[in-house]
Amino acid sequence: MKTKVNRFITALLVMAMFFALTGCSGTPADDTNEPGTQGASTGEEIVSSKDTMTVAIDREPQSMDPTATNISITCTIVSQIFDTLLDFDPDMNIIPSLAESYEQIDDVTYKFNLRKGVKFHNGEELKASDVVFSLKRANEKPVSRAYTQEIDMEGFETPDDYTVIIRTKEPYAAFYQSLCVSRLSIVNEKATLEAENDVNSNPVGTGPFKFASWTAGDNVTIERNDDYWGETAKLKQVVFRIITEQSSRVVEIESGGVDAALVLPAVDYERLEDNEDIDLELYTSHYVRYIAFNTTQDSLADKRVRQALNYATDIDTIRDVLYTEKGAQKATTPVPPGIEGRHEDLAQYDYNPEKAKELLKEAGYDNDLEISFTYLGNTTNTLMGEMLQEQWKDVGVILTLNPLESGALTENANNMRQEVMPVRSAYSIGEAGEGLMKLFHSSNHGPGGSRVNYTNPRVDELLETAKVTMDENERNEMYREVQEIVHDEALMIYLCYEYTSVALGSKVRGFNPIPTERIDYSTIYFVE
Amino acid sequence: MPEKLLEVKNLKKYFKTKQGYLHAVDDVNFAINRGKTLSLVGESGCGKSTIGRVVLRLLEATAGEIYFEGANIRDLDKMQMRKYRKKMQIVFQDPYSSLDSRKSVYESIAEPLVVQKAFTNKKQYAKRVYELMDTSGLAQRFANAYPHELDGGRRQRVGIARALALNPSFIVLDEPVSALDVSIQAQVLNLLQQLQDDLNLTYLFISHDLSVVKHISDMVAVMYLGKIVELANCKSIFQNPVHPYTKALLSAVPIPKINVKLNRIILEGDVPSPINPKPGCRFAGRCRLCSSVCKESDPVLTEVDRGHFVSCFNK
Amino acid sequence: MLKYIIRRVLMLIPVMLGVSLVVFTLMYITPGNPAEILLGEEGGSKEAIELLEEEMGLNDPYIVRFGRFIWNLVSKGDLGTCYATRQPVSQRIAQTFPNTLKLAGLSVGLAVVIGVVLGIVSAVKQYSIFDNVAMALAMLGTSMPNFWQGLLLMILFSIHLQWLPASGFSSFKHMILPAVTIGTSSAAVIARMTRSSMLEVIRQDYISTARAKGQSEIVVILRHALKNALIPIITTVGIRFGVMMGGAVLTESIFAIPGIGKMMVDAIKARNYPVVQGGVLVIALAFSVVNLIVDILYAFADPRLKSQYR
Amino acid sequence: MEQKNLLLKIKDLTINYNTYDGIVKAVEGLNLSMSNGQTLGLVGETGAGKTTTVKGIMRLLPDPPAKIVRGEIYFDGENLLKKSKKEMRSIRGKQISMIFQDPMTSLNPVMTVGDQIAETIRLHNDISKKQSFEEACTMLEQVGIKGERAGDYPHQLSGGMKQRVVIAMALACNPKLLIADEPTTALDVTIQAQVLEMMKKLIAQYNTSVIMITHDLGIVAETCDYIAIMYAGEIVEYGTKQHIFLNAKHPYTKGLFACIPDITAEDNKLTPIEGLMPDPTNLPKGCKFYPRCPMAGKECENENPANKEIENGHFVKCHFV
Amino acid sequence: MSNVTLQESSELVPTYKKKSQKAEVWRRFCRNKKAVVGLIMLCVLIFAAIFAQYIAPYDPIEQNLKNRLQKPSVEHIFGTDELGRDILSRVIYGSRISVSVGLIAVGIACLLGGFLGAIAGYYGGSLDNVIMRFMDIAMAIPSILLNIAIVSALGSGLQNMMIAIGISTMPRYCRIMRSSIMSVRDQEFVEASKAAGASDFFIITQHIIPNSMAPMIVQISMSVGTAILSCASLSFIGLGIEPPTPEWGAMLSTGRDFIRNSPHITTFPGAAIMFAIYAMNLIGDGLRDALDPKLKD
């Protein structure tokens, strides 16, 4: 009698376990962060044998094809796998990379001597033909075209396997900088053609790390390239784990689940710093955040209205609320610090509601100006909208908040239907001209631009001539004039220069970021 | 010649099932004179309830004609049928499910009147409803009550009052008393008989309880698996049953008397399946007098005695 | 039984067609152009967008695109390529769907064990304190928004107690917290269903027959009552498993689990049409397969139905 | 009534149900006794308390809401109400077994009939599973069902066969007392005749005493030798078959006979008992039948009549006897 | 027979009132203590929604950035959020949105689903098949994905969210109405009114729908809770109601970034959501027992 009963109960449990078992046939725990046993010692700190690093990133990289990368995390990963002809050092000076030496022959011609014996990941040796192939290929791809427009596609010469002559259509001041961008990385011609131009599934580069695997939604893994031409990487493997939920990333670094975490909320900076097993690194980057006024909308066409809105906004409080003092630097001009040609002393629009009301009255409004604030519905933008709404109400401006999700937002902005909108722009090649061109040149309305959609022949003329003047001081003088015009026109409210935040485990060493937000993982190692 | 209120000719009703056609009613003929009661008696699954519903066209017959007061009601369209519905009503077996639990007694009784728009103002409706409650022996204080507050007997009286609402001439009584206790059963049976006499009603009384059938009916039709095996007036069915099934049926009824010799005929086996039945007499499998002819052809209702019909080969 | 399964599978086809039609239309009328989104804020200029649109075939009319989707599916079983990663959609689904299945399996397993036991005990001890407490807890389970519950669990167990990893999906340890988050609401539903169907069965005559035989109360409950109460329970478990298949979107995003739910949400936001259509189709197919399995389990649980399926 | 082979003695049994609408007095001071080999017919209408009484004997009444207020039930000399749960379990099915009314729902639909009978056998005899299944098959043969049908499920059998299975299950352990609660009410009359015939044969063969609960006096006439008429929780008349059928004295018993249609009777006159069953939540003070009794006098209204033995073994509870 | 009150004389026309059936359900509902607790909680919720402006201590939208992220204190019982707004007032005002979303979304689903279910259930045949296949399609797509797709298509906002939640819960109602109608359709009292010559319309409105309401009412109370949850989930993904209107889901969503140092921002909106859903579930259970005639004591 007893046996029947418990046989039945076990049947019930087995059924439930059957369900549970289907749920947990996961691979055995490959928990990677058990500290190693022994390690070689350098000075007082002993290098630990741990050679795999997990990094929590905030979104899915778009592709492994260098020509398709335009968000920072994709650039970071691609720049570990591929190299460019030239590169930046931490102070943004141009240093040789795949090109051992380079010289400018005349206004439009440049000669690059390639390093010898550089091996691609598939064993092929780097040749001049690869360089020409990469640049031509970049010119056909939608994203990377922007950086090869200046290069004359017919003007390539490869006198021998290790020298390349590149000509630009006309003199181009920022030519060297444009060659350092990861979009113009050098791919291997043979491998790319074999994969029918699909570099994405198996990227072959010359970089310190090789591509290992990419599980969409979960992680991208790269491994050390042992026969790297430069100093081989100390880490054997780097796993980039995709954790989109901001608070989960913070929890993961705090609980030691990952060795590094990127893009952290400013609100948690204080707590992360107090935590002694975490080093919070905050470094300036070539990004500027601003609130763009769409000048093609009639409500914002009048300069006085835009100036009034600048006076009506207590931007310092908003910045403290959104980014805290540690998280961002006050912005005084669209060009971030550390870039040649930045205008250092523009007179700022201080918080002066009375002046704002006068200007609005002058522009013919008395408490009946209605504007919409269109934005991506995340926490920071929502709070910004609510603060602006409150502050502008005091000067009689009714701001309606219109949160959209990313698809609708991009479509709305590309067709220039929005009025006021928060934007973040990048100076990807660290050169003022290229950035200002994208922000204020009349050819850059709608998609890809600064959403200000500003037309000013004087500004166009200044930017176009600067591009071709080789003399640095002249160029900077022109950039400064553009910044003065734009500042007077009050096309935007400068929000901040945002620090890029990286939280590292206390055992991580050799971390040296460069302002274009690319992190070089080949120099990183662990200590006990 | 007494007027035939209802006459049914070659009535058939087949239900479509996965395994084939279920012959619920298979070529049935009978007639009821006005003011009389014909009982359909038989065990479960013999098709008696189906006939009750088909006659009122609550279920559409597969074949055959139904003459009511001379007219074949199967040819009528929906509107004409509504007029005839006033004359024909039905009372059900389960007092619980035949009344809408969300409607009060007053509303249930008044419903047929409302549907047929019998009166113009509320006062006339109320007067008629009270009359009906009196005739069916229901105290007026129950007008506001709900079915779940009444016992079985009273619920059945509401069913009867509802059936009488449009003063019909013909009522189908589908096992009206089998769900009731013996003492209440007697009260309802007396009521039905008295109503028949007062209002000259014609009943089609459906039941499986032979003693109740003997008590109330003028004519009796014994059914087996969709066919009428014996049809005669009440006295001759109970005095000298002819069909072997009727004999077995009558012998099986327990008699509330002691020291009475019981020559009981115990039937073997079970009722066969009504789906795609084999030709020949349906009772052949269980009949003592079964011969080869019984197995091949279907017996037909033939007159054995004045007004006494049997469908069996060895009379 | 085989004939029944084939008939059910054939009946699936119109439903699947319907599902893809509904999703395709919904995606079609949603504003936002995938090419622009793909290029991101700083990326493309006007012609860059046109170039990409051409490549994605966005300019063809509605009928052509839907026809092409169905034709590829039917002829080559190819669900199209994901706009973003250029990988075939089927490969992306193959990477994400097993994780959701594992998670759903574990949480349903958890829910069944807790739910059924809670349900039986509170049915047997009806109106006792245990019954009230158990049902109150079950009710609490359903009332708590699971994304909030997930966050709280993560903070408690990953940071303060450091017992479990906060997110990710590599080992069994990673699955405990998300499974508990999703499992509790399902456990509550299953507990309530078990209790009501057990109460229904305990009222039947054959239970008093079993007691009249002198059978002990436990065996009466477990063998006689539970076996009959099994059918509604199986249905509920089936439905909960189906709901979890695509429904644990928020839990997946909080615990950074590469499940199909999260992939779908990101795909909808990025207007990644092929991934959305492919994903919803697979989820709908899985949901219908689970229903079919539930029906077949019926036959084993209840012999009366077995004859129907011959 | 000789004391020595007294199988069952119920003294002053009172059972109430406390429900939201008030306390239902289902059984009120019931006295009954039965000796071995006897078949007692318990006759009464709905709400008379028949089922409550027998469920009380088997102690199958669900405790809330039912409550056995007072009284003793002696079975084979021992008071069942004092027995522990475990002792009761060994009596149920072994010493006393019970058949319920509706065959359609009294068998477990998801177990084969063979297993259900074997379960009873294995509960009370320590034998192997296989052996108990064989014994179940022989039991089925006894009740007129072919042995191979033991593997069938209840839905594959007809109503009559299912009731035979229930009877087989009840008699499997050869109990001393079989309680049959309206065993054939749900069956068609020809099937009912078959089942009654088979029951009579088995009861004689096993020499089991039976309590037959029914409202059909025809069945009682055929199967029972002693009869108790119950009304509103009390036995109003008790006696042998001859006493009740030939010399019924209590007005309710006479009323019952008057209102039962009988196919052998000549005249068709039915005299119904007026009024309705009393509301169990407020029963009349005196004689329960007072409101419907044609012979009711003054003292009946407020004084409950004592149980008088008007002839040897014939008891009636009425003032005017 | 307990509560029947009518004078004996027959001439007086009875003013019959449909009272005791509703009274019966109400009496049984009140006996169930838990259900009454649920009802009280619901009343508190509705009271807060209607009289928000009187009982809320502060204006829910007015920011004061000086005392941001304050822990619960005497002036701010629930503390302040990331913009210094009083959380208690925002929770009180938030009940307006949640209760209205819950009721209207469920209203849409119940009417639409009930209507389709009624047609499918009563007429059956090919119509029933078509409707049911359509419902299978809607059921096969997980409701949260359906919500997101609809809201992305129509655009976010209170009204679109209600439509989305309504449409995605509609199949449940359709199934319930269909099955209860099919069980009522074959009852004998329907045949009786057919025999009296009643038209289809009369039968549906007088008999079929009133008797099918019980399971629908129970489902309504249950799914008001689910609707509130879906609304909160949509806000959590950023597709919710346009700020600054206070809504529990949105508060939870923006608060989650501050959860580590000031958890109180998420605790109270989360608790409010739980309070609402718990109340609706209690009422749902209470109604199920009260309306189920079989469960009569």
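To find a chain, count down the sequence lines: A is the first, B the second, and so on, and within it residues start at 1. Both backbone and side-chain heavy atoms feed into the values below; hydrogens, waters and symmetry mates do not.
Screening D:Ile219, D:Thr223, D:Leu42 for a side-chain contact (heavy atoms from CB on, under 4.5 Å) involving D:Thr214 leaves a single residue, D:Ile219.
Pairs passing the salt bridge (Lys or Arg N to Asp or Glu O under 4.0 Å) check and including a residue from residues 90-104 of chain D, sequence neighbours excluded, do not occur.
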Validation: residues 230-245 of chain C side-chain donor-acceptor distances under 3.5 Å, sequence neighbours left out:
unit_1, atom_1, unit_2, atom_2, d
C:Thr235, OG1, C:Ile231, O, 2.8
C:Thr235, OG1, C:Pro232, O, 3.4
C:Thr235, OG1, C:Tyr298, OH, 2.9
C:Thr236, OG1, C:Pro232, O, 2.7
C:Arg240, NE, C:Ser186, OG, 3.3

Listed pairs under 3.5 Å, donor-acceptor, residues 9-17 of chain C side chains, sequence neighbours left out:
none

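D:Thr51 and D:Asp181 form a side-chain donor-acceptor contact under 3.5 Å, judged by distance and modelled atom types alone. For the 3.5 Å distance criterion, the side chains of D:Thr184 and D:Gln163 fail to qualify, holding no donor opposite an acceptor.
Neither the backbone nor the side chain of C:Ala210 comes within contact range of chain D; no heavy atom of the residue lies under 4.5 Å from a heavy atom of that chain. Only the side chain of D:Met169 comes within contact range of chain C, with heavy atoms under 4.5 Å apart. The contact between D:Gln116 and chain C is made by backbone and side chain atoms together, counting heavy-atom distances below 4.5 Å.
Of all heavy-atom pairs spanning D:Ala186 and D:Gln101, the tightest one is CB-O, 4.2 Å.
The residue among D:Ser97, D:Pro109, D:Ser90, D:Gly93 with the most heavy atom pairs within less than 4.5 Å of chain C is D:Pro109. Taking chain C as the reference chain and counting heavy-atom pairs below 4.5 Å, the highest number among D:Ile179, D:Asn108, D:Thr120 is found for D:Asn108. Contacts with chain C were tallied for D:Val166, D:Leu107, D:Thr105; D:Thr105 has the most, counting heavy-atom pairs under 4.5 Å.
We find that C:Glu200 and C:Arg203 are joined by a salt bridge, their nearest charged nitrogen and carboxylate oxygen being less than 4.0 Å apart.
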**OP:** Test side-chain hydrogen bond (donor to acceptor under 3.5 Å, both in side chains) on D:Thr138 and D:Glu135 and set out the steps.
**Re:** CA-CA 5 Å; D:Thr138 45; D:Glu135 228 171 89; over 6 Å; no

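Using a 4.5 Å heavy-atom cut-off against chain C, the contacting residues of residues 52-60 of chain D are D:Met58, D:Leu60.
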